[in-house]
Colleague: 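Below is a structure I'd like to ask you about.
Lettering of chains follows the sequences in order, A, B, ..., and the numbering in each one begins at 1.
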Amino acid sequence: MNRKFPHCFGTFGPGLEVCRVCYARVQCQDRTTRPRRDRQQVVQAGVWEGEITGPDFELGHTLGSGQVFRWGRDADGWWKGIAYGTAFHLRQKGDRIAFKASAEGVKTYAGEMGVRDFLVWYLRTDEAPRVRVPRQDRHLRKARGLLRGLRFVRQDPFECMISYILSVQAHMNLTKRRINFLARILGEGILFLGERYWTFPRPEALSDLNGDYYRRHKFGWRSERVAMAARYMAEQLEDMDRSWDLGVWQEVGQGLYELSGSGVGLKVAKCIDLFSLDRLDAVPVDTWVRKMAKDWYGVTGSDAKICAWAEERGGKWAGYMNEYLFAYYRELNGQTIYDQVLSFCETEIPSAELPFETSG
DNA sequence: GGCCAGGCGCGAC
DNA sequence: GTCGCGCATGGC
């Protein structure tokens, strides 16, 4: 056995072998039909700096709420993350948000934007949610007051879909690690301010691999679901003549929900709707929301029932109404600081999982 | 070591 | 349509 080169440990797609050392797709012992993918290839990025304003906006609540998996607060106080193929450092002082970005322009399903416009769009800094509080609802009044500056980030739909399929019945830090793993081996590297970031893999990259591959890497029973969902989306991408605007992504989200075995049930579908498809009236019902609905409102029953109750009650802003309650309930009942976005933002401890490696 | 984690899918009714 | 159970894996 030649120790100098990586070894294949299996075939996980048509003619696709994967190195057991770096887990990347590599040309290994001349047995693969795929071109070599050099995991060390990292593009050095420039730095674009500036500032946007965010009145009535809280960066920490927004990026620390648990919605996004590829952001974290570093020990130096900056929020660092990668979105739409661009790495960012962000920090808020008052209503000003300083940014450093790895690119001048960012491509999204809504078109290409300058980095400043992108951040306003991505963070929704210019949109104030209007959640009305029924007179007697003291929980919601308190929650809204504490979390007023929170926004739903406009996540990349593909990343959001795969991420929430992976999130099923797993702790968030574990999900973050799995997502970072995928990016690390199948994404593109960006060297930014001395840190290595990895873009979220493209649909083709994920769909090249079958469920055995993800299972090998301990994704458990999410394995076949990730493979199926990625395959479905890669096929849609090939079939679709139109460009991938929001309407197309909404169709794809619906398709995944209807596709049994894709890993997208009611809860994940609502997360996708709310976090990436601009449906701010969607309410994902998870284990926290279920407990909260019972403890605070006496509402019990199936998740579908609780969902219908919450969406009816909240109307067009139901997503925010639920998020306030969800975050406040978790603040009061969470077991760790990472469950408690308000407490976490008051400390200076870094996030448990950060989306980059320090270059060395 | 047992319980649970931001559920889903499938088979019984 | 809805209810109950099995499902991998890791953290606490």
Colleague: Under the ring pair (Phe, Tyr, Trp, His ring centres under 6.0 Å) definition, can you give me all pairs with a residue in residues 293-314 of chain A, not counting sequence neighbours?
Modeller: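 Only A/His139-A/Trp296, A/Trp296-A/Tyr328, A/Trp296-A/Tyr329, A/Tyr297-A/Trp309 qualify under ring pair (Phe, Tyr, Trp, His ring centres under 6.0 Å).
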
Colleague: By the salt bridge (Lys or Arg N to Asp or Glu O under 4.0 Å) test, which pairs, at least two apart or in different chains, include something from residues 261-287 of chain A?
Modeller: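 Output for this query lists A/Arg124-A/Asp278, A/Arg154-A/Asp278, A/Lys270-A/Glu311, A/Asp273-A/Arg279.
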
Colleague: Restricting to pairs with a member in residues 94-116 of chain A, which pass salt bridge (Lys or Arg N to Asp or Glu O under 4.0 Å), not counting sequence neighbours?
Modeller: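 For residues 94-116 of chain A: A/Glu51-A/Arg96.
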
Colleague: Are A/Glu357 and A/Arg184 ion-paired here, with the side-chain N under 4.0 Å from a carboxylate O?
Modeller: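 Yes, charged N to carboxylate O under 4.0 Å.
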
Colleague: Which residues in residues 295-324 of chain A have a heavy atom closer than 4.0 Å to any atom of DNA chain B?
Modeller: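 The answer is none.
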
Colleague: Is it the case that the side chains of A/Gln250 and A/Gln254 hold a donor-acceptor pair, with the cut-off being a distance below 3.5 Å and no angle test?
Modeller: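 Looking only at side-chain atoms, A/Gln250 and A/Gln254 do not form any donor-acceptor pair under 3.5 Å.
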
Colleague: If a pair satisfies salt bridge (Lys or Arg N to Asp or Glu O under 4.0 Å) and one of its residues is in residues 63-76 of chain A, list it, with sequence neighbours excluded.
Modeller: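 Sorted pair list: A/Asp74-A/Lys80, A/Asp76-A/Lys80.
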
Colleague: Near DNA chain C, which residues from residues 158-180 of chain A have a heavy atom under 4.0 Å away?
Modeller: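 Those residues are A/His171, A/Leu174, A/Arg177, A/Arg178.
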
Colleague: Please give the distance between the P atoms of B/dC4 and C/dC5 as a whole number of Å.
Modeller: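 The answer is 15 Å between these two P atoms.
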
Colleague: Could I get a table of every N or O pair under 3.5 Å where one atom is in the protein and the other is in nucleotides 10-13 of chain B?
Modeller:
unit_1, atom_1, unit_2, atom_2, d
B/dC10, OP2, A/Ser260, OG, 2.7

Colleague: Kindly state which residues belonging to residues 333-352 of chain A come within less than 4.0 angstrom of DNA chain B, counting heavy atoms of the residue only, listed by number.
Modeller: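 Within this stretch, nothing sits under 4.0 Å of the strand.
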
Colleague: Strictly by modelled atom types, are A/Tyr338 and A/Gln340 linked by a side-chain donor-acceptor pair under 3.5 Å?
Modeller: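 No - no donor-acceptor pair under 3.5 Å links their side chains.
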
Colleague: Measure the OG-CD1 distance between A/Ser102 and A/Ile82 for me, rounded to the nearest 0.5 Å.
Modeller: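 The OG atom of A/Ser102 sits 6.5 Å away from the CD1 atom of A/Ile82.
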
Colleague: Drop me the distance from A/Thr108's OG1 to A/Leu246's CG, to the nearest 0.5 angstrom.
Modeller: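 Spacing of OG1 (A/Thr108) from CG (A/Leu246) equals 10.0 Å.
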
Colleague: Quick one: salt bridge (Lys or Arg N to Asp or Glu O under 4.0 Å) pairs with a partner in residues 219-231 of chain A, sequence neighbours left out?
Modeller: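 As it turns out, the salt bridge (Lys or Arg N to Asp or Glu O under 4.0 Å) pairs with a partner in residues 219-231 of chain A, which skip direct neighbours, are A/Arg215-A/Glu224.
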
Colleague: When you measure from every atom of DNA chain C, which of residues 221-230 of chain A have a heavy atom less than 4.0 Å away?
Modeller: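 Contacting residues: A/Trp221, A/Arg222.
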
Colleague: Regarding A/Gly263, tell me which of base, sugar-phosphate or nothing describes its non-hydrogen contacts under 4.0 Å with the strands shown.
Modeller: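 Sugar-phosphate, backbone atoms only, no base.
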
Colleague: Under 4.0 Å, counting only non-hydrogen atoms across every strand here, what does A/Val268 touch: a base, just sugar-phosphate, or nothing?
Modeller: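 Since only primed, P, OP1 and OP2 atoms lie under 4.0 Å of A/Val268, the category is sugar-phosphate.
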
Colleague: Which residue, A/Leu256 or A/Cys271, contacts DNA chain B at a nucleotide closer to its 5' end, judged by nearest heavy atom?
Modeller: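 Of the two residues, A/Cys271 wins.
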
Colleague: For A/Phe192, what residues pass the ring-ring contact (aromatic ring centres under 6.0 Å, His included) criterion, not counting sequence neighbours?
Modeller: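 ring-ring contact (aromatic ring centres under 6.0 Å, His included) list for A/Phe192, sorted by chain: A/His89.
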
Colleague: By nearest atom, which of the nucleotides B/dA5, B/dC8, C/dT9 is closest to the A/Lys218 side chain?
Modeller: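 Taking heavy atoms from C-beta onward, the closest nucleotide is C/dT9.
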
Colleague: In the hydrophobic clustering (ILVMFWY, side-chain contacts below 4.5 Å, transitive), which residues join A/Leu174, or is it alone?
Modeller: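 Traced through the cluster, A/Leu174 reaches no other member.
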
